[in-house]
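Notes follow the structure.
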Amino acid sequence: VAQIFANALARQRSEDSLRENEERFRSLALNLPGVVYQFYARDDGQRGLRYADGRVAEVCGLSPEPLDTLAERFTACVAPEDREKWLASIEEAARSVQPWDQEVRFIKPTGEEIYIRGSSLPQRLENEVLFSGVIQDVTERRRVLEKLKESEQRFHALVEQAGDGFELLDDEGRYLDVNAATLKQLGYTREEMLRRTVFDIAQSLDRDRFVRESRSASSGFPVRVESVHRRKDGSTFPVEVTISRIELGGRALIMTLVRDVTERRRGEEELRKSYAEIKLLKDRLQAESDYLKTEIKVTQAYGAIIGQS
């Protein structure tokens with residue numbers, strides 16, 4: 001009798017503990033974003049949901065009851081082009097017992113299309129792998145990312161079509177990306193440029209000056225400097241470089257706008273020559289004018305002397 005009583009007491013404690021754990025799990029589920037679930041993948045091939053909180057109706061448009069058909073109904077709403085990938089990822093996670101994370105297009109029974117992300121940390125139990133995780137609606141984040149991607153593509157297209165060189169460098173002066181104009185200016189291929197640093201290209205640029213100029217750009221105001229760049233064939237040309245600091249992917253980088261000022265310098269030189277020639281001509285005319293004035297005065301004085309005699 002004592003043994004029966006002890007077994008019953010142990011069973012009661014176990015049931016109480018299980019209920020407490022379930023209550024804690026449900027309480028936790030209410031405070032997490034998205035749909036909290038538990039999915040099992042049994043060794044005999046059975047697949048199904050052990051738990052899904054009520055927000056499955058709000059997020060996915062599916063009734064949480066009956067629970068035993070929810071997994072099948074949910075999978076049927078995954079977009080056809082993503083469904084095989086979704087199921088295969090679950091099977092791979094069940095086999096490897098590795099963290100699971102998957103994002104797919106989801107079509108609600110109403111026809112509304114959203115993007116969902118499922119994530120979980122699978123756990124190996126006696127005869128099954130238990131996925132405890134969350135399903136989130138990531139439609140808005142996906143739209144923001146797509147708009148950002150479109151903006152980046154437009155910016156990249158503008159940069160590629162620009163007549164000036166655009167260069168992206170890290171703090172060590174290594175080239176991370178360049179546009180077509182840079183390649184045309186220097187005569188390198190893109191692969192060759194990405195193996196080089198700014199010190200290979202800019203004459204008389206040392207690390208101290210590079211650090212000083214890039215730090216100056218960190219204040220939020222672009223820095224404009226003049227330099228001389230060396231082409232692949234060894235020839236050189238004058239440039240005007242505008243240095244800016246940007247953040248890309250959480251990383252602080254240096255962006256430079258490089259303008260070939262050869263024609264401008266040539267024009268400036270022509271202007272200087274023309275000015276020098278004009279000044280020389282002006283000085284000559286002034287000298288001749290002064291000479292003529294002197295001659296006139298001498299002639300007038302001579303005439304006056306002749307007249308008096």
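Because the structure is a prediction, the values reported are computed rather than measured. Atom set for the values below is all heavy atoms of this structure, side chains included, hydrogens, waters and symmetry mates excluded.
- No side-chain heavy atom of Q38 sits under 4.5 Å from any side-chain heavy atom of Q123.
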Chi angles and distances behind the side-chain contact (heavy atoms from CB on, under 4.5 Å) call for R224, R259: CA-CA 11 Å; R224 185 170 295 174; R259 177 162 295 173; over 6 Å; no
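- The closest donor-acceptor contact from the side chain of D137 to the backbone of V59 lies at 3.5 Å or more, if one exists at all.
- The pair R190-E160 meets the salt-bridge criterion, with a side-chain N (NZ, NE, NH1 or NH2) lying under 4.0 Å from an Asp/Glu carboxylate O.
- In this structure, the side chain of R83 engages the main chain of V78 through a donor-acceptor pair within 3.5 Å.
- For D206 and R212, the salt-bridge test fails: no basic side-chain N is under 4.0 Å from an acidic carboxylate O.
- In this structure K279 satisfies the salt bridge (Lys or Arg N to Asp or Glu O under 4.0 Å) test together with D283, sequence neighbours excluded.
- What you find for V228 and V239 is that their closest heavy atoms are N-CG2, 4.3 Å.
- Annotation for P109 and C60: closest pair CD-O, 3.8 Å, computed over non-hydrogen atoms.
- Nearest heavy atom pair, residue P64 against residue A57, reads CD-CB, 4.5 Å.
- Closest heavy-atom contact between I114 and E112: CG2-OE2, 3.8 Å.
- Between E92 and R95, at least one side-chain nitrogen of the basic residue sits less than 4.0 Å from a carboxylate oxygen of the acidic one, meeting the salt-bridge criterion.
- No chain of hydrophobic side-chain contacts below 4.5 Å, direct or via other Ile, Leu, Val, Met, Phe, Trp or Tyr residues, connects L169 to L253.
- Criterion: ILVMFWY side-chain heavy atoms under 4.5 Å apart, direct or through other members. Under it, F199 and L186 are part of a common hydrophobic cluster.
- Considering only heavy atoms from C-beta on, Y188 comes within 4.5 Å of I201 through its side chain.
- When side chains are defined from C-beta on, L183 does not count as touching T189, because their heavy atoms never get closer than 4.5 Å.
- L62 places a side-chain heavy atom less than 4.5 Å from the side chain of C77.
- Ring centroid separation for the pair F131 and Y37 does not come in under the 6.0 Å cut-off.
- Looking at residues two or more places apart in sequence or on another chain, you find a salt bridge (Lys or Arg N to Asp or Glu O under 4.0 Å) between E128 and R42, R50.
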For R143 and Y115: C-alpha separation, side-chain torsions, deciding distance, then whether side-chain contact (heavy atoms from CB on, under 4.5 Å) applies. CA-CA 9 Å; R143 286 173 181 161; Y115 283 91; over 6 Å; no
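- Side-chain N or O atoms of R142 include none that pairs as donor or acceptor with a backbone N or O of R105 at under 3.5 Å.
- Side chain of T256 to backbone of T242: no donor-acceptor contact under 3.5 angstrom is found.
- The hydrophobic clustering, which links ILVMFWY residues whose side-chain heavy atoms are closer than 4.5 Å, places V97 and L87 together.
- Taking CD from Q98 and CG from L121, the interatomic distance works out to 10.0 Å, rounded to the nearest 0.5 Å.
- Taking a 6.0 Å sphere around NZ of K184, one finds it holds 12 or fewer heavy atoms contributed by other residues, nucleotides or ligands.
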How far apart are the C-alpha atoms of E72 and T75, what are their side-chain angles, what is the distance that settles it, and do they pass the side-chain contact (heavy atoms from CB on, under 4.5 Å) test? CA-CA 5 Å; E72 182 179 349; T75 302; 5.9 Å; no
Intermediate values then yes/no, side-chain contact (heavy atoms from CB on, under 4.5 Å), F74 and I135: CA-CA 11 Å; F74 183 95; I135 299 289; 4.3 Å; yes
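- Between Q136 atom CD and T139 atom OG1 the span is 11.5 Å, to the nearest 0.5 Å.
- Residue-environment remark: CZ (R284) stays at or below the threshold of 12 foreign heavy atoms within 6.0 Å.
- Nearest heavy-atom pair, S89 versus W100, reported as atom, atom and distance to 0.1 Å: OG-NE1, 2.9 Å.
- Inter-residue side-chain proximity for R207 and E172 is flagged as met; some heavy-atom pair is nearer than 4.5 Å.
- A continuous path of ILVMFWY side-chain contacts below 4.5 Å connects M193 to I243, so both sit in one hydrophobic cluster.
- Side-chain atoms of N179 come within 3.5 Å of backbone atoms of F166 as a donor-acceptor pair (strictly under, hydrogens ignored).
- Under the 4.0 Å criterion applied to side-chain N and carboxylate O atoms, D171 and R251 are not assigned as salt-bridge partners.
- Residues D208 and V211 fail the side-chain proximity criterion, which asks for heavy atoms closer than 4.5 Å.
- Salt-bridge annotation for R195 and E191: absent, with no side-chain N of the basic residue lying under 4.0 Å from a carboxylate O of the acidic one.
- No side-chain donor-acceptor contact under 3.5 Å links T236 to the backbone of H229.
- E213 and R209 are joined by a salt bridge, as a carboxylate oxygen and a charged side-chain nitrogen come within less than 4.0 angstrom of each other.
- Legend: residues meeting salt bridge (Lys or Arg N to Asp or Glu O under 4.0 Å) with E226, ordered by chain and number and at least two apart, are R265.
- Considering all non-hydrogen atoms of both residues, T182 and G165 come closest at OG1-CA, 3.3 Å.
- I254 has its side chain within reach of F210: a pair of non-hydrogen atoms, C-beta onward, lies under 4.5 Å apart.
- A donor-acceptor contact shorter than 3.5 Å links the side chain of Q185 to the backbone of V258.
- Other residues, nucleotides and ligands place more than 12 heavy atoms under 6.0 Å from the CD atom of E81.
- Under the 3.5 Å distance criterion, the side-chain polar atoms of R174 are left unmatched by any main-chain donor or acceptor of L194.
- E192 contributes atom CD, which lies 12.0 Å from atom CG of D200 (distance to the nearest 0.5 angstrom).
- A distance of 11.0 Å separates CD in E240 from CG in D260, rounded to the nearest 0.5 Å.
- L49 is not connected to L125 by any chain of hydrophobic side-chain contacts under 4.5 Å among Ile, Leu, Val, Met, Phe, Trp and Tyr, and they are in different clusters.
- Counting only heavy atoms from C-beta outward, the side chains of I246 and L168 approach each other to under 4.5 Å.
- The OG atom of S119 sits 11.0 Å away from atom CD of Q102, with the distance rounded to the nearest 0.5 Å.
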Given R55 and D53, is the salt bridge (charged side-chain N to carboxylate O under 4.0 Å, His left out) satisfied, shown in steps? CA-CA 6 Å; R55 276 177 296 182; D53 75 52; 3.7 Å; yes
